[in-house]
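See structure below.
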Amino acid sequence: MSDAAALPGQPRGLVVSGPATERAVNVLAPNPSAMTLDGTNTWLLSEPGSDLAVVVDPGPLDEGHLRNVAATAEKLGKRVALTLLTHGHPDHAEGAGRFAELTRTPVRALDPALRLGDEGLGEGDVVTVGGLELRIVPTPGHTSDSLSFHLPADRAVLTGDTILGRGTTMVAHPDGRLGDYLDSLRRLRSLTVDDGVRTVLPGHGPVLEDAQGAVEFYLAHRASRLAQVETAAENGLRTAPEVVAHVYADVDRSLWPAAELSVRAQLEYLRERGLI
């Protein structure tokens, strides 16, 4: 058995529904898979003593899960006042429209196509609901519309798929771009260095207790994979499937389609910089 404290980011342990920080409660969606790990973490956020809550990523279009999220808020004495999306992938956002119907709340996102209501989300925005404060941090790369949400009162950041609680994420080429992703990781690192963020509340997998360690691991992992892809390309492996079979031979084959997207992003990054 692995010592969680020795793993990147110090994962908390099993992924379960329930309180994660003073202001954050997880409601785990029943959609586990190789890509979604234990399932989508739907986050219910509220200021202690307030009767209002914010939901981040209602998850898939699963009626039971969406009703469970609403019921969890009700049991805690909260009324959901707002729904936010970290990005538009279906495992995070597909249920947003139905959840908005159940709770009669607006949906705010970076992508206008995902919004329900007049307000979107963008850099510099601060969302306040019932005394709760969330700062919007654009973190494109996994997708072009990826956002993270800084919860300063808990020294935490909700990262969607930009940082996962276990393993690493993909750069969903062509929408996702590696250069953007590396910049986003550096931006998250600055939150840990300059703003005191200690905890990662990811879109999938366990809570991470060492936010800076998690970001540093991701940056090192990306640098290592990029060097491997560059070497493979220099040795004549120029197509994404060829590179995946060589560089990602240690990865479960069920994840190769996702790895191929990341490799396409890495090859594009190297070509744009004249490195291959």
Side-chain angles (χ1 to χ4, degrees), residues 9 11-12 14-31 36-48 50 52-60 62 65-76 78-96 99-100 102-103 105-110 114 121 127-137 139 142 146-166 169 188 191 197-209 211 214:
R12 188 171 290 179
L14 295 176
V15 183
V16 295
S17 294
T21 68
E22 187 176 7
R23 291 165 180 79
V25 173
N26 184 27
V27 185
L28 182 63
N31 62 332
T36 60
L37 304 181
D38 309 86
T40 300
N41 294 329
T42 294
W43 293 104
L44 182 67
L45 309 176
S46 62
E47 191 68 15
S50 172
L52 299 178
V54 174
V55 166
V56 175
D57 289 351
D62 180 298
H65 172 64
L66 299 175
R67 288 186 177 275
N68 185 32
V69 175
T72 299
E74 186 175 353
K75 289 175 185 175
L76 294 172
K78 313 287 184 180
R79 178 177 65 83
V80 178
L82 179 63
T83 300
L84 305 178
L85 299 177
T86 61
H87 65 297
H89 279 167
D91 55 314
H92 294 257
E94 186 182 34
F99 188 70
L102 291 171
T103 58
T105 58
V107 177
R108 296 181 63 181
L110 178 61
L114 299 171
L121 291 172
V127 174
T128 55
V129 173
L132 180 81
E133 179 184 297
L134 281 175
R135 300 174 185 173
I136 310 307
V137 183
T139 47
H142 170 67
S146 288
L147 299 171
S148 294
F149 302 127
H150 178 198
L151 180 56
D154 281 351
R155 292 187 163 190
V157 61
L158 291 83
T159 54
D161 282 354
T162 299
I163 291 180
L164 304 178
R166 186 170 65 250
T169 196
L188 290 173
L191 287 182
V197 166
R198 298 289 178 265
T199 304
V200 173
L201 304 176
H204 304 280
V207 171
L208 299 177
E209 304 282 9

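The figures that follow rest on heavy atoms only: side chains count, while hydrogens, waters and symmetry mates do not.
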| task | Apply side chain to side chain contact (heavy atoms under 4.5 Å, CB included) to Asp62 and list each qualifying residue two or more places apart in sequence or on a separate chain. | result | Pro30, Pro60, His65
| field | Nearest atoms (heavy-atom pairs only) where Lys78 meets Ser46 | value | CE-OG, 3.2 Å
| task | Quick one: list whatever passes salt bridge (charged side-chain N to carboxylate O under 4.0 Å, His left out) with Arg79, sequence neighbours left out. | result | none
| So, Glu47 and Arg23, do they make that salt bridge, N to O below 4.0 Å? | yes
| note | Residues at least two apart in sequence or cross-chain that pass side chain to side chain contact (heavy atoms under 4.5 Å, CB included) with Asn41, listed by chain then number, are Val15, Asn26, Leu28, Trp43, Pro202
| note | Correct closest heavy-atom pair for Gly95 and Leu66 would be O-CD1, 3.7 Å
| query | Going by heavy atoms in the side chains, are Phe149 and Leu121 under 4.5 Å from each other? | reply | yes
| Minimal non-hydrogen separation, Thr169 against Thr162, with atom names | CG2-O, 3.7 Å
| query | Excluding sequence neighbours, so at least two apart, what forms side-chain hydrogen bond (donor to acceptor under 3.5 Å, both in side chains) with Thr159? | reply | none
| field | Heavy-atom side-chain contact between Thr40 and His92 under 4.5 Å | value | yes
| query | So, do Thr86 and Val56 sit near enough that their side-chain heavy atoms are less than 4.5 Å apart? | reply | yes
| query | How many angstroms lie between atom OG of Ser148 and atom CG of Leu201, to the nearest 0.5 angstrom? | reply | 10.5 Å
| query | Can you name the residues that form a side chain to side chain contact (heavy atoms under 4.5 Å, CB included) with Leu82, not counting sequence neighbours? | reply | Val54, Leu84, Pro106, Arg108, Val127, Val129
| field | ring pair (Phe, Tyr, Trp, His ring centres under 6.0 Å) against His89, all qualifying residues, sequence neighbours excluded | value | His87, His142
| What pairs meet the salt bridge (charged side-chain N to carboxylate O under 4.0 Å, His left out) rule with one or both residues in residues 85-95, with sequence neighbours excluded? | none
| Sequence-distant partners of Glu133, salt bridge (charged side-chain N to carboxylate O under 4.0 Å, His left out), two or more places apart | Arg135
| message | Please report the interatomic distance CG(Leu45) to CG(Leu52), rounded to the nearest 0.5 Å. | response | 12.5 Å
| Can you find a pair of side-chain heavy atoms, one from Val55 and one from Thr42, that are under 4.5 Å apart? | yes
| query | Given the rule in the side-chain contact (heavy atoms from CB on, under 4.5 Å) test, do Asp57 and Leu85 qualify, once you have shown the distances and angles that lead to the verdict? | reply | CA-CA 5 Å; Asp57 289 351; Leu85 299 177; 4.0 Å; yes
| message | Going by side-chain contact (heavy atoms from CB on, under 4.5 Å), Val69 matches just one of Val25, Val27, Thr83. Which one? | response | Val27
| query | What residues, two or more places apart in sequence or in another chain, satisfy side-chain hydrogen bond (donor to acceptor under 3.5 Å, both in side chains) together with Arg166? | reply | Asp38
| task | Please say which of Ile163, Leu188, Leu164 ends up in a side-chain contact (heavy atoms from CB on, under 4.5 Å) with Val200. | result | Ile163
| field | Non-neighbouring partners of Glu22 that pass side chain to side chain contact (heavy atoms under 4.5 Å, CB included), sequence neighbours left out | value | Pro48, Asp154
| note | When rounded to the nearest 0.5 Å, the distance separating CG of Leu37 from CG of Asn31 is 10.0 Å
| Nearest non-hydrogen partners of His150 and Val137, listed with the distance | CB-CG2, 4.1 Å
| query | In chain order, what residues pass the side-chain hydrogen bond (donor to acceptor under 3.5 Å, both in side chains) check against Thr103, with sequence neighbours excluded? | reply | Thr105
| field | Residue list, salt bridge (charged side-chain N to carboxylate O under 4.0 Å, His left out) with Arg155, at least two apart or on another chain | value | none
